[in-house]
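My structure is below; once you've seen it, I'll send some questions.
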Amino acid sequence: MNRSKQEKIGYLTSIDLFRDLTGRELEDLDRITTMSAVQKGKVFFRPDEMGEVLFLLKRGHVQLYRISTDGKKLILDTLGPGTIFGEMSLIGQRMYNTFAEAVEDCLICVMSRPDVERLIQEQPKVAVRILEIMGRRLRNAETRLEDMAFKGVPARLASLLMRLSAEQGKVIEGITHQELAEMVGTYRETATQILNDFKEHGLIDLARKRVTIIDYDGLRRLAEE
């Protein structure tokens, strides 16, 4: 087995979706997937693009967002390594009117719908993993919807920081004030002022593209208001 093939199979084993597959099954999977590098800032999926594919993110972070008629950007999600997403009703994530942009250099694996369907038929365990992943994503989407409907901007921002902390740990890196604002549906200036208020009250510390959680319990209480 050559080095590039070994690296690709090693990548596939790191994705939770394929954790139950044997070495032979992973080699079969290697033959039906395409690996591609995506540079930071590149929009690699647009609303006007056709075709049903499944993206598997190995390295980097991808932002899914929509643009309103008046040009306002709404971030739907920021995805990290090991995530699956794509223009496929099969996995419950049709990306209608959605852009996908690499927010840092990414390595992405791509599968076609026929290959995904064949894999699910041959490996029911993969179908179970897809259901688990979609279930978690649905719960996260419901939480965000509740936050937008019932909470003020400070509570929404506190809740968002808690979710990001659950994914990244105490230190949240690689996200700007503008992106935080777009994720909670407000303006950058408003998000910056609230973050500074959080800092003054000892809840967080701020640096360039970095938020450090200092008082998790205090932030949680604010998120629940």
Side-chain angles (χ1 to χ4, degrees), residues 1-40 42-66 75-145 163 166-168:
M1 187 184 298
N2 60 46
R3 181 177 178 181
S4 62
K5 185 173 181 179
Q6 286 179 325
E7 290 177 348
K8 186 176 177 184
I9 290 178
Y11 153 53
L12 294 172
T13 60
S14 70
I15 297 178
D16 188 54
L17 182 63
F18 305 129
R19 69 175 185 238
D20 296 317
L21 300 187
T22 66
R24 177 62 180 273
E25 289 166 345
L26 287 168
E27 288 188 24
D28 292 339
L29 185 61
D30 167 67
R31 287 191 285 271
I32 63 173
T33 55
T34 302
M35 192 82 73
S36 62
V38 182
Q39 292 185 335
K40 177 181 178 180
K42 181 176 181 180
V43 177
F44 60 92
F45 188 91
R46 298 176 181 273
D48 56 354
E49 293 184 7
M50 302 298 292
E52 294 197 331
V53 295
L54 177 67
F55 297 107
L56 306 108
L57 182 58
K58 169 178 172 52
R59 185 173 64 242
H61 285 78
V62 168
Q63 199 174 82
L64 304 182
Y65 61 88
R66 294 181 181 176
I75 297 177
L76 303 176
D77 210 347
T78 299
L79 310 175
T83 310
I84 65 171
F85 61 101
E87 177 62 21
M88 294 183 65
S89 57
L90 180 65
I91 62 166
Q93 172 130 17
R94 291 192 69 86
M95 291 172 28
Y96 289 122
N97 302 318
T98 301
F99 295 82
E101 178 179 341
V103 295
E104 55 192 35
D105 290 345
C106 295
L107 190 60
I108 296 175
C109 193
V110 184
M111 295 179 67
S112 69
R113 181 185 180 112
D115 286 334
V116 174
E117 290 179 338
R118 189 179 312 111
L119 177 64
I120 287 175
Q121 290 171 357
E122 296 174 354
Q123 300 293 337
K125 291 174 290 189
V126 173
V128 172
R129 300 291 170 248
I130 289 177
L131 290 174
E132 291 174 348
I133 292 168
M134 291 303 105
R136 288 195 298 268
R137 190 166 295 167
L138 178 59
R139 288 193 297 273
N140 290 338
E142 289 174 342
T143 298
R144 289 190 62 190
L145 182 60
R163 290 198 299 273
E167 296 170 2
Q168 299 187 32

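Sequential numbering from 1 along the given sequence is applied to the chain's residues. On a predicted model such as this, the values are computed, not experimentally measured, just so you know.
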### Task
Sort out for me which residue in L54, V62, D77 forms a side-chain contact (heavy atoms from CB on, under 4.5 Å) with F85.
V62

### Audit row: M111, L119, side chain to side chain contact (heavy atoms under 4.5 Å, CB included) steps and yes/no
CA-CA 10 Å; M111 295 179 67; L119 177 64; 4.0 Å; yes

### Message
Using side-chain heavy atoms (C-beta onward) and a distance below 4.5 Å, is H61 in contact with P81?
### Response
yes

### Query
How long is the span from the NZ atom in K58 to the OG atom in S36, to the nearest 0.5 Å?
13.0 Å

### Query
Above 12 or not: heavy atoms from other molecules or residues under 6.0 Å from NZ of K40?
no

### Message
To the closest 0.5 Å, what do you measure between OG1 (T33) and CD1 (I108)?
### Response
13.5 Å

### Message
Tell me if the CD atom of E104 is crowded by more than 12 foreign heavy atoms within 6.0 Å.
### Response
yes

### Query
Got a second to check how far K42's NZ is from D105's CG, nearest 0.5 Å?
11.5 Å

### Partner of F99 under ring pair (Phe, Tyr, Trp, His ring centres under 6.0 Å), chosen from F45, F44, Y65
Y65

### Electrostatic pair R129-E132, nearest N-O below 4.0 angstrom
yes

### Evaluation steps, side chain to side chain contact (heavy atoms under 4.5 Å, CB included), between V53 and F55
CA-CA 6 Å; V53 295; F55 297 107; 3.6 Å; yes

### Task
Please round to the nearest 0.5 Å and tell me the distance separating atom OG1 of T98 and atom CZ of R66.
4.0 Å

### Task
Quick one: pull up CG in L57 and CG in L107 and give me the separation to the nearest 0.5 Å.
8.5 Å

### Query
Going through the distances and angles, do R118 and D115 end up as a side chain to side chain contact (heavy atoms under 4.5 Å, CB included)?
CA-CA 5 Å; R118 189 179 312 111; D115 286 334; 2.7 Å; yes

